[in-house]
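Take a look at the structure set out below.
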Amino acid sequence: MSEAIIKVKNVTTQFGKKVVHDDISIEIKEGEVYGILGGSGSGKTTILREIIMLQKFKSGSIEVLGKQIGDMSHDEIVELKKNWSVLFQFGALYSSLNVIENVSIPLIEYTNLPKELIEEIALSKLKMSGLKKEATYLFPSELSGGMKKRAALARALALDPKILFLDEPTSGLDPVGAENFDRLIRELASLLKLTVVIVTHDLHTIEHVLDRFCIIFEKKILFEGTLEEAKKFEHYAIREFLKLERE
Amino acid sequence: MSSFEIVQEDKTQCSIKINNNLDKQSIKPIYSKVKRIKSKKFPLVKIDCSSMTDLDYAGALLLADLCASFSKDMSSVVLTGMNPHFQSLLFFARKNLRQKSQIKLVKENFLLSPVIKAGKYIVDSIEAFIFFLSFLGESTFQLFRVLAKPWKFRYKATAVHIEKSGAQALPIVALTSFLVGLVIAYQGAEQLAKFGANIFIVDMVSISMFRELAPLIAAIVIAGRSASSYTAEIGTMKITEEIDAMRSMGFDPIVFLVLPRVFALLIAMPLIVFFADIIGVFGGMIVAKTSLGISYTEFIIRARDVVEVKHILIGLFKAPFFGLLIATIGCFRGFQVTGSTESIGHYTTISVVNAIFWVIACNALISVVLTEIGI
């Protein structure tokens, strides 16, 4: 497989006296759909936040697209950030902007495309993420949780990022919606050559979307690899987590 | 070499060649050309993509839109030289094409829009007023219920709010009333000195401070501090559904949130005003001594002789009304918050403006009434 695009090396995270991660290392390769799995409170989202520079870590290093995080000038940081986008768990749409403005804003800020085309791209991304066209001009406060998530996905896709980070993308969606979401992510990953990093504990996503994943257990990386490999791995936490016992 | 090259254009056909990249960076210079071609009709359109080196989603969408503008089913468009990846991207873009014209947009009539806005404003105001009445009614009802069962009253929460809105406000109240006392005395001192009526500084500072200024300054500071925080606290709780959670458990938000705040300010306001009285007059005393040569002892003796106790009492009498107004407005605006985080900011602003206005209006009303009945 291809080069590693994100390298997390020996990262330790500590909040006050509480150790969240103890010396963890993962590698995410270009073009793969990678999952970060773990129980509630295991620090899945914390790793994601460390990679996208929203959170500081105590020791270790993180490299994204060949750049060392924490060792960059302001301009380099802005340049690097254009390469990724994030779908937050509850959408995090800008409440003062309506849906289409939310999707357009990265395009307006970072490209010189004509206004009409920006509008067209935004509409298309909204259709792609499965938001009904009636919702185009609504404000975030008028949307349901699932609709917010779809609009937020459209915003995350607006700039065709190289890396797409998804924080529990299917939570709060109905099962059919969640399955469609999974399918969409796979389709996008292959068509737009995306690298996708998903924080999840949705079994359907794990089975049908992820190429590889890691499981965080008791502050450490317990496992990293494919589902096939995980099934062979004898550890009660993994079996429990992937509900293998039931099969 | 332009990335969008028109090779041939006549009545029978249009042939286009795409060179190099077709992506976000390269679209801007060619867009007007694309638009011009789009607006025309051709029986046959040939698009040669053999020398296209890169295509991103924006480019694919541009192509898809161009094709769609010639014919819905691609029958008159011939695409050549596409590699499989570009082809699937174009197909994906075509699948996700959404025309703006398909979306019905309710357009406001330009001429009628002021009328519509005014109407909306009136309806909103009436609704807010009705909501205020029902809020007031519910609060009164809950108040009587709590009075009947005093052990249900939230004493601890009330004490917390007395500390937060009262005790913690003392430093800023002290500073403002001190400065106002200082300034009043300073400006008055010059005028009085002209007449040699130095000693009247005592009457002027004490009466104006006790009767009008200290209560008003204290109330304005508290309105700015507490009306805003009450609205923001309750508004946030509404957005995070905490209020709904309370209701679902049978905890009445009025009893839990509103009454403790209202009683806290009802109790704290007179105390704050009394505190402001002392500090304000002290500010005046310092100026009296430094610029008019009236010693502290002289000031105090003169004050005891000429300033009636009723002035202090009138000031203190107003304080609970101010407290009631501030807390009620703060809580009410908090309950009006709906939906987005933006609305918290909106109602917090309204809350402070309302609270300050009603404090001043109430002060004027009480002044008029007291003067009319001769106190």
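Convention: sequence-line order gives letters A, B, ...; per-chain numbering from 1.
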**Item:** Partner chain A: residue of Thr341(B), Thr338(B), Asn96(B) with the largest heavy-atom pair count (under 4.5 Å)
**Value:**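 Highest number of heavy-atom pairs under 4.5 Å: Asn96(B).
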**Message:** If you count heavy-atom pairs within less than 4.5 Å of chain A, which of Ser88(B), Ala64(B), Ser343(B) leads?
**Reply:**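 The answer is Ser88(B).
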**Message:** Counting C-beta onward and ignoring hydrogens, is there a side-chain heavy-atom pair between Phe92(B) and Glu187(A) closer than 4.5 Å?
**Reply:**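 When only atoms from C-beta onward are counted, Glu187(A) and Phe92(B) do touch, with a gap below 4.5 Å.
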**Request:** Indicate yes or no: at least one non-hydrogen side-chain atom of Asp65(B) is less than 4.5 angstrom from one of Glu120(A).
**Result:**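 They are in contact (side-chain heavy atoms under 4.5 Å apart), so the answer is yes.
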Taking atom [atom1] of [X] as the centre, does the number of heavy atoms from other residues, nucleotides or ligands within less than 6.0 Å exceed 12?
| X | atom1 | result |
| --- | --- | --- |
| Tyr94(A) | OH | no |
| Lys193(A) | NZ | no |
| Glu241(B) | CD | no |
| Phe15(A) | CZ | yes |
| Phe90(A) | CZ | no |

Answer with side chain, backbone, both or neither: which region of [X] has an atom nearer than 4.5 Å to a non-hydrogen atom of chain B?
| X | result |
| --- | --- |
| Leu188(A) | side chain |
| Thr111(A) | side chain |
| Ala122(A) | neither |
| Thr136(A) | side chain |

**Prompt:** Using a cut-off of under 4.5 Å for heavy-atom pairs, which of Leu107(A), Leu159(A), Leu126(A) has the most such pairs with chain B?
**Reply:**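 Maximum pair count with chain B is reached by Leu159(A).
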**Prompt:** Pick from Glu142(A), Glu134(A), Lys125(A): which one has the most heavy-atom pairs with chain B under 4.5 Å?
**Reply:**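 Among Glu142(A), Glu134(A), Lys125(A), the one with the most close pairs to chain B is Lys125(A).
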**Message:** For a side-chain contact (heavy atoms from CB on, under 4.5 Å) check, start with the C-alpha distance between Gln25(B) and Asn112(A), then their side-chain angles and the critical distance, and finish with the verdict.
**Reply:** CA-CA 7 Å; Gln25(B) 276 72 44; Asn112(A) 60 0; 5.9 Å; no
**Request:** Give, as side chain, backbone, both or neither, the part of Tyr57(B) having an atom under 4.5 angstrom from any heavy atom of chain A.
**Result:**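 Answer is both: backbone and side chain atoms of Tyr57(B) are under 4.5 Å from chain A.
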To the nearest 0.5 Å, what is the distance between [atom1] on [X] and [atom2] on [Y]?
| X | Y | atom1 | atom2 | answer |
| --- | --- | --- | --- | --- |
| Leu113(A) | Lys24(B) | CG | NZ | 7.5 Å |
| His85(B) | Leu192(A) | NE2 | CG | 7.5 Å |
| Glu342(B) | Leu97(A) | CD | CG | 8.5 Å |

**side-chain contact (heavy atoms from CB on, under 4.5 Å) evaluation trace for Lys127(A) with Lys95(B)** = CA-CA 9 Å; Lys127(A) 186 174 178 187; Lys95(B) 202 175 78 179; over 6 Å; no
**Prompt:** Which heavy-atom pair separates Asp56(B) from Asp160(A) by the least distance, and what is that distance?
**Reply:**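 It is OD2-OD2, 4.1 Å.
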